[in-house]
Structures are given as structure tokens and as C-alpha cells.
Amino acid sequence: MSQRTSFNYKGKFTLITGASKGLGKAYAEELAVRGSNLVLVARTKDALETLAASLRRDHGVRVEVIQADLADMSAPERIMEELDRLGVDLDLLVNNAAVGYSGGFFTRPIVEELTPVSVNVYSLVALTHLLGRRMVARGSGGIINVGSNGGFQPGPFNATYGATKAFVLMFSEAVAEEIKGSGVRMMVANPGATATAFFEQSPPP
Ligand SMILES: NC(=O)c1ccc[n+]([C@@H]2O[C@H](COP(=O)([O-])OP(=O)(O)OC[C@H]3O[C@@H](n4cnc5c(N)ncnc54)[C@H](OP(=O)(O)O)[C@@H]3O)[C@@H](O)[C@H]2O)c1
């Protein structure tokens, strides 16, 4: 689906986290249609390589792949180093990767409550800071943080996930206000329930 847009993506570089499937893959496909070069980030290298090959072939854009586990707190720094090694100067960052587990807070292992904090909050903040400050210094760029309609109210049996998305909303809107006029824009996308593999990891109760 190609449509008119006020932003010219042709020849720009976009990094998308969680690009191996679901909404991140859809962002990659739509941005490739608009002519953006891409850096695809996720854990599943095969899926990223397959997507990269088809986007290069179908749209003639440059596509780089970085395999990273965003639950690992050293991942954002490593991603930045890899971008420097590739000579990529980012124009758009899409912080899309996230995980969430359903069920009573005290009935689930603590790792399933802390991993969403690492992926959805820690890595999102770190990538925003590491990559966004370069955009602000340059005076151009954009950051899209993917939240959720689950971030607008407390979500019993999804407590940690919903709280991470509330964080994404508050954080993004606050920083967007701080950088007004800098040439860099930041926004939150808050999807509603969408048919992806997201719920396979942990079906709603
Ligand atoms: N689907 C919905 O109904 C819905 C509703 C509201 C908001 N959202 C939000 O939309 C975004 C995309 O969700 P989706 O539905 O597309 O989910 P999805 O199909 O499960 O895809 C999640 C993506 O995140 C990546 N990811 C997960 N854990 C990761 C980690 N530790 N390190 C690196 N990458 C990781 C996955 O790749 P690998 O597994 O290859 O690492 C995958 O590419 C998320 O922010 C989600 O919270 C979704």
C-alpha cells in the first residue's frame, strides 16, 4: 500500500526493532515501499535475513540486519557501534519490539515480569538516548515509539506489560515536548488488538 506522505523517506535510513514479524515487519515493508533504507533488529536472524532479501529485491533499498536480544542491557550500545561500523546515519528510529505475558502477577515467574521492563522500557530509553541525541545534534530526524492502547489504564492480569506501555506513552510525550523546535519529532503509536504472533507467547487469561 503506497500513499502520499508529507515526509520524503527516499534515501533515508530507518532502524526498526522487532522487525522479524508482526507490526515491525509491516513497518519495514511500508517504509521500503516509500524508499527508506532499513536496519532491521530482532533476535531471529533467519527471519530478518529473509525479509531483508525480499525488500532489497522488490524495492531496491539498502537493508542491514542486526541480530540483538533487547533484554540484554548491553544490546543498545552494541547496536550503535554496529551502525557506526556500517556507516549508517539514522533518520528515523522505530522502537517497536516488545514482549508481555498475561496472568496474575504473583502466579508468574519474576523473569516474565522483568523481561518486558528490559525490552519495552530499558532498551527503548537507551536506544532513544543513544540514537536520538545524534539526531538532535544534527537538527533532523524522527522517533516513533510503539505503545499500546493497554497503556492508557491499569491492566489486571497484564500488569507489567500495561505499565511498560504507560511508561512509553508518558516518556515519549514528555521528550517530544522537550525537543520541540529541534528539527527532531517524536511520537507514540498506540495500536489496539492486532492479529500478530504477540499473543502466542502468552494468550490473554
Ligand atoms: N498485536 C497487538 O495486538 C498489539 C497491540 C498493542 C500494541 N502492540 C505493540 O506493537 C508492537 C509490535 O507487536 P507485535 O504484535 O508485532 O508483536 P510480535 O508479532 O510478537 O513481534 C514482536 C517483535 O519484537 C521482537 N522481540 C521480542 N522480544 C525481543 C527481544 N528480547 N529482543 C529483540 N527483539 C525482540 C520479536 O522478534 P524476535 O522474536 O525475532 O526477537 C518480533 O520481531 C509491540 O510494541 C507491542 O507491544 C501490539
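Both ligands and their constituent atoms are indexed starting at 1 by order of listing.
Salt bridge annotation for Glu81-Arg78: absent, with no cationic side-chain nitrogen under 4.0 angstrom from a carboxylate oxygen. A salt bridge links Glu64 with Arg62: at least one charged nitrogen is closer than 4.0 Å to a carboxylate oxygen. In summary, Arg134 and Asp84 engage in a salt bridge, as defined by a charged side-chain N under 4.0 Å from a carboxylate O.
Regarding atom 37 (O) of ligand 1, its nearest protein heavy-atom neighbour is Ser20 OG, 2.9 Å. For atom 3 (O) of ligand 1, the nearest non-hydrogen atom of the protein is Thr194 N, 2.7 Å. Among all protein heavy atoms, the one lying closest to atom 47 (O) of ligand 1 is Tyr161 OH, 2.5 Å. In this structure, the protein non-hydrogen atom closest to atom 22 (C) of ligand 1 is Ala98 O, 4.1 Å. In terms of protein heavy-atom proximity, atom 7 (C) of ligand 1 is closest to Gly147 O, 3.3 Å. Nearest protein heavy-atom contact of atom 14 (P) of ligand 1 is Thr196 OG1, 3.5 Å. Protein heavy atom in closest approach to atom 4 (C) of ligand 1: Gly192 O, 4.0 Å. Looking at atom 33 (C) of ligand 1, its nearest protein heavy atom turns out to be Ala68 O, 3.3 Å.
Interface atoms of ligand 1 facing Ala193, defined by a heavy-atom separation under 4.0 Å, are 3 (O). Each of the atoms 43 (O) of ligand 1 lies under 4.0 Å from some heavy atom of Ala19. Interface of Ala71 with ligand 1, defined as ligand atoms under 4.0 Å from a residue heavy atom, comprises 31 (N). Proximity to Asp69 (heavy-atom distance under 4.0 Å) selects the following atoms of ligand 1: 30 (C), 31 (N), 32 (N). Counting atoms of ligand 1 from 1 in the listed order, those under 4.0 Å from a heavy atom of Val99 are 27 (C), 28 (N).
The heavy atom nearest to atom 41 (O) of ligand 1, considering only Arg43, Glu200, Lys45, is found in Arg43. Counting heavy atoms only, Asn96 comes closest to atom 44 (C) of ligand 1 of the residues Leu51, Asn96, Thr44, Asn95. Comparing Thr17, Asn190, Leu23 by heavy-atom distance to atom 10 (O) of ligand 1, the nearest is Leu23.
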>> Walk me through whether Ser140 and Met135 qualify under side-chain contact (heavy atoms from CB on, under 4.5 Å).
In response: CA-CA 5 Å; Ser140 68; Met135 295 179 192; over 6 Å; no

>> Does Asp46 form a side-chain contact (heavy atoms from CB on, under 4.5 Å) with Glu49? I'd like the steps, not just the answer.
In response: CA-CA 5 Å; Asp46 289 356; Glu49 294 287 9; 5.7 Å; no

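Donor-acceptor pairing under 3.5 Å is lacking for the side chains of Arg34 and Ser36. In summary, the side chains of Asp91 and Thr14 do not present any donor paired with an acceptor at a separation below 3.5 Å, with no hydrogens or angles considered. With no hydrogens or angles considered, no side-chain donor-acceptor pair links Asn190 and Asn149 at under 3.5 Å.
Taking OG1 of Thr17 as the reference point, atom CG of Leu93 lies at 7.0 Å (rounded to 0.5 Å). Here the straight-line distance linking atom CZ of Phe171 with atom OG1 of Thr128 works out to 4.5 Å at 0.5 Å rounding.
Of the N or O atoms in Gly18, one or more lie within a sub-3.5 Å distance of an N or O in ligand 1. In terms of N/O distances under 3.5 Å, ligand 1 is approached by Leu70. For ligand 1, the polar-atom distance check finds no N/O of Asn149 at less than 3.5 Å from any of the ligand's N/O atoms.
The six-membered or imidazole ring of Tyr101 lies away from that of Phe157, with a centre-to-centre distance of 6.0 Å or more.
Contact annotation: for Lys165 versus ligand 1, heavy atoms closer than 4.0 Å belong to the side chain alone. Only the side chain of Val119 comes within 4.0 Å of ligand 1, counting heavy atoms alone; its backbone N, CA, C and O stay farther away. For Ala75, no heavy-atom contact with ligand 1 is shorter than 4.0 Å.
A side-chain donor-acceptor contact under 3.5 Å links Lys165 to the backbone of Val146.
With Leu15 as the fixed residue, the side chain to side chain contact (heavy atoms under 4.5 Å, CB included) test singles out one of Ile79, Leu40, Asn37: Ile79.
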